[in-house]
**Q** 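What follows is a structure written as structure tokens; I'll ask about it next.
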Amino acid sequence: MKNRIKSWIWLTLAVALLPNCRPKPTPGAKNRTDTALVQSLPEKKEDIPETAPHPPISPEELAWMAPVVKKWTNFHRIDPARAQLISCDSVCLTCPPDTLNPYYWEFSQEDDTGHSIGVDYSPDRMRYVDIGFLYEYRNGKPYFLGGDDCQEIYLVDRRLRHQHMILFRGISEMAEAVFWKGNDRFIVAGTIYAAPLKHYLYVFDIAHGTRKYYEMEGGEPDNSGSYLMDVNLKEKGIAVE
């Protein structure tokens, strides 16, 4: 897939929040997501009040999620059983994207090779998630370039020819990896570097139209490292200088 080159790079994986790091305003927009994607239906939305304790992950969710993200949780030395459910939204990942959204970008058949090393494909390779890092080839070898100070994360459906921005993560956060469970469920895993250090899991279920957000406290910032830099990019064969 041809990279969407922009004139920016990540300055660091753990830096202080900048005041201008936020999505462009869209009338009626929810923070950090495509407004055509999230449908905040009161009877289906399950945001937990900030004053109430966040419920722990259910045994059923833990049973299927823990093996899927095991490599990532082992790397950060965190226990997925300590994950707390922060919110649950209704989403439509098969609906046409909002072409008026400032983050919309058109599906490109030319770029859709099905063999990009910089994205994470579903098992049938008909969908993929792009967490927004950039790379370039030098003498036939891919090298990591960086990315935006705030991550725009897209789900691309190659069969429907849809591209949705599903998450917008701030400068103190880093989406590090994507893990698929079958062709209809995937997890975006990452780290929040603001104190106290936390790790997060966004769980998307395309067939049932849900997005769940979990957080786990993770100790000190220098406990482990960057899964993106130390594991993910290496597995993709992308060199980090």
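We number each residue from 1, following the sequence as shown. Everything numeric here is computed off the predicted structure, so don't read it as measured data.
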**Q** Begin from the C-alpha positions of E173 and T191 and carry the test side-chain hydrogen bond (donor to acceptor under 3.5 Å, both in side chains) through to its verdict.
**A** CA-CA 6 Å; E173 308 171 11; T191 298; over 6 Å; no
**Q** Using modelled atom types and a 3.5 Å cut-off, is there a donor and acceptor pairing between side-chain atoms of Y154 and backbone atoms of G132?
**A**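 No, the answer is negative, given that no donor and acceptor are paired below the 3.5 Å cut-off.
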**Q** Are K236 and D120 ion-paired here, with the side-chain N under 4.0 Å from a carboxylate O?
**A**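 Salt bridge between K236 and D120, a charged N being under 4.0 Å from a carboxylate O: yes.
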**Q** Give a yes or no on whether the backbone of D89 and the side-chain of R211 come within a donor-acceptor separation of less than 3.5 Å.
**A**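 Not at all, since once roles are kept as given, no pair shorter than 3.5 Å links the two residues.
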**Q** So, applying side chain to side chain contact (heavy atoms under 4.5 Å, CB included) with L233, which one of Y227, Y135, F144 is it?
**A**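 In the set Y227, Y135, F144, the residue that makes a side chain to side chain contact (heavy atoms under 4.5 Å, CB included) with L233 is F144.
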**Q** Using the salt bridge (charged side-chain N to carboxylate O under 4.0 Å, His left out) rule, take D124 and R158 through it: C-alpha gap first, then chi angles, then the decisive distance, then the call.
**A** CA-CA 11 Å; D124 66 1; R158 302 179 61 216; over 6 Å; no
**Q** Is any side-chain N of the basic residue among D184 and R127 closer than 4.0 Å to the acidic one's carboxylate O?
**A**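 So D184 pairs with R127 through a salt bridge.
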**Q** Check step by step if side-chain contact (heavy atoms from CB on, under 4.5 Å) holds for I78 and W72.
**A** CA-CA 9 Å; I78 51 179; W72 179 78; 3.8 Å; yes
**Q** OG of S122 to CD1 of I206: how many Å apart, nearest 0.5 Å?
**A**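 That separation rounds to 7.5 Å.
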**Q** For V188 and A175, work out which heavy atoms get closest and say how close.
**A**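 Residues V188 and A175, closest heavy atoms: CG1-CB, 4.0 Å.
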**Q** Quick one, V156 and D130 - any side-chain contact, counting heavy atoms below 4.5 Å?
**A**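 V156 vs D130: side chains apart.
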**Q** Is it the case that R138 places NZ or CZ above or below the six-membered ring of Y143, under 6.0 angstrom from the centre and within 45 degrees of the axis?
**A**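 Yes - R138 lies over the ring of Y143, closer than 6.0 Å to its centre and within 45° of its axis.
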**Q** Start with the C-alpha gap between Y200 and M216, add the side-chain angles, then the distance that decides, and say whether side-chain contact (heavy atoms from CB on, under 4.5 Å) holds.
**A** CA-CA 6 Å; Y200 65 81; M216 297 161 285; over 6 Å; no
**Q** Check A66 against P80 and note the closest heavy-atom contact, atom names and distance.
**A**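 Scanning both residues, the minimum pair turns out to be CB-CG, 4.1 Å.
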**Q** Kindly say whether S116 contributes a backbone atom to a donor-acceptor pair with the side chain of Y121 at under 3.5 angstrom?
**A**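 Indeed, once roles are kept as given, a pair shorter than 3.5 Å links the two residues.
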**Q** A side-chain contact here means heavy atoms from C-beta on lying under 4.5 Å apart; do I57 and L85 qualify?
**A**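 Side chain of I57 against side chain of L85, heavy atoms only: no contact under 4.5 Å found.
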**Q** Could you check if a side-chain atom of V178 sits within less than 4.5 angstrom of a side-chain atom of I131, using non-hydrogen atoms only?
**A**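 Yes; the side chains approach each other to less than 4.5 Å.
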**Q** Looking at OG1 of T210 and NZ of K212, how far apart are the two atoms once the value is rounded to the nearest 0.5 Å?
**A**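 Here the interatomic distance stands at 6.0 Å.
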**Q** If you round to the nearest 0.5 Å, how far is CD of E176 from CE of M229?
**A**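 Going from the CE atom of M229 to the CD atom of E176 covers 10.5 Å.
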**Q** Given side chains that start at C-beta, do those of Y214 and E61 come closer than 4.5 Å, heavy atoms only?
**A**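 Yes, their side chains come closer than 4.5 Å.
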**Q** How far does CD of E215 sit from CD of Q84, to the nearest 0.5 angstrom?
**A**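 The CD atom of Q84 is 8.0 Å from CD of E215, to the nearest 0.5 Å.
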**Q** Looking at Q163, is its backbone amide N or carbonyl O close enough to the side chain of D157 to form a donor-acceptor pair, meaning the two atoms are under 3.5 Å apart?
**A**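 No: the side chain of D157 does not pair with the backbone of Q163.
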**Q** For the residue pair I192 and L197, establish whether any side-chain heavy-atom pair is separated by less than 4.5 Å.
**A**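 A side-chain contact under 4.5 Å is absent here.
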**Q** Look up atom CD1 in I166 and atom CG in L93, then write down how far apart they are to the nearest 0.5 Å.
**A**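 Answer for the CD1-CG pair, I166 versus L93, is 7.0 Å.
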**Q** Between Y213 and Y202, is the gap from one ring center to the other below 6.0 Å?
**A**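 Yes; Y202 has its ring centre under 6.0 Å from that of Y213.
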**Q** Can you tell me how far the CZ atom of R82 sits from the CG atom of L62, to the nearest 0.5 Å?
**A**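 Separation between the atoms: 13.0 Å.
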**Q** Measuring only between side-chain heavy atoms, which start at C-beta, is K181 closer than 4.5 Å to I187?
**A**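 Contact flag for K181/I187 side chains = no.
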**Q** Given the rule in the side-chain contact (heavy atoms from CB on, under 4.5 Å) test, do Y104 and M165 qualify, once you have shown the distances and angles that lead to the verdict?
**A** CA-CA 7 Å; Y104 168 78; M165 190 183 79; over 6 Å; no
**Q** State, to 0.1 Å, how close G182 and W180 come at their nearest heavy-atom pair, and which atoms those are.
**A**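 Distance-wise, the nearest heavy atoms are O-CE3, 3.5 Å.
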**Q** Measuring centre to centre across the rings, with the benzene-like ring taken for any Trp, is F168 within less than 6.0 Å of Y103?
**A**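 Yes, the ring of F168 comes within the 6.0 Å limit of the ring of Y103, centre to centre.
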**Q** Could you go through the side-chain contact (heavy atoms from CB on, under 4.5 Å) check for F75 and D230 one step at a time?
**A** CA-CA 10 Å; F75 177 86; D230 299 333; 3.7 Å; yes
**Q** Could you tell me if the side chain of V203 sits less than 4.5 Å from the side chain of F186, heavy atoms only?
**A**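 SC-SC contact between F186 and V203 ruled out.
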**Q** Let me check something: do V240 and F133 share a hydrophobic cluster, defined by ILVMFWY side-chain heavy atoms less than 4.5 Å apart, either directly or through other members?
**A**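 Yes; tracing contacts between hydrophobic side chains, which count when under 4.5 Å, links both residues.
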**Q** If we only count heavy atoms from C-beta on, is the H162 to F107 side-chain gap below 4.5 Å?
**A**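 A side-chain contact under 4.5 Å is absent here.
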**Q** Answer yes if F204 and I86 sit in the same cluster of Ile, Leu, Val, Met, Phe, Trp and Tyr residues linked by side chain heavy atoms under 4.5 Å apart, and no otherwise.
**A**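 Linked, F204 and I86 end up in one cluster.
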**Q** Look at K141 together with E136 and state whether they make a salt bridge at an N to O cut-off of under 4.0 Å.
**A**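 Salt bridge: no.
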**Q** Is it the case that atom CD in E106 sees more than 12 heavy atoms from other parts of the structure closer than 6.0 Å?
**A**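 Counting neighbours around CD of E106, 12 or fewer heavy atoms of other residues, nucleotides or ligands fall under 6.0 Å, so no.
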**Q** Using modelled atom types and a 3.5 Å cut-off, is there a donor and acceptor pairing between side-chain atoms of H164 and backbone atoms of C95?
**A**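 At least one qualifying donor-acceptor pair exists.
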**Q** Any carboxylate oxygen within less than 4.0 angstrom of a Lys/Arg side-chain nitrogen, looking at K198 and E217?
**A**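 No.
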**Q** What I want to find out is whether E152 reaches R169 closely enough, with some N-O distance under 4.0 Å, to be called a salt bridge.
**A**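 Result for this pair is no, no salt bridge flagged.
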**Q** With hydrophobic residues grouped by side-chain heavy-atom distances under 4.5 Å, do W64 and L201 end up in a single group?
**A**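 Cluster IDs for W64 and L201 match.
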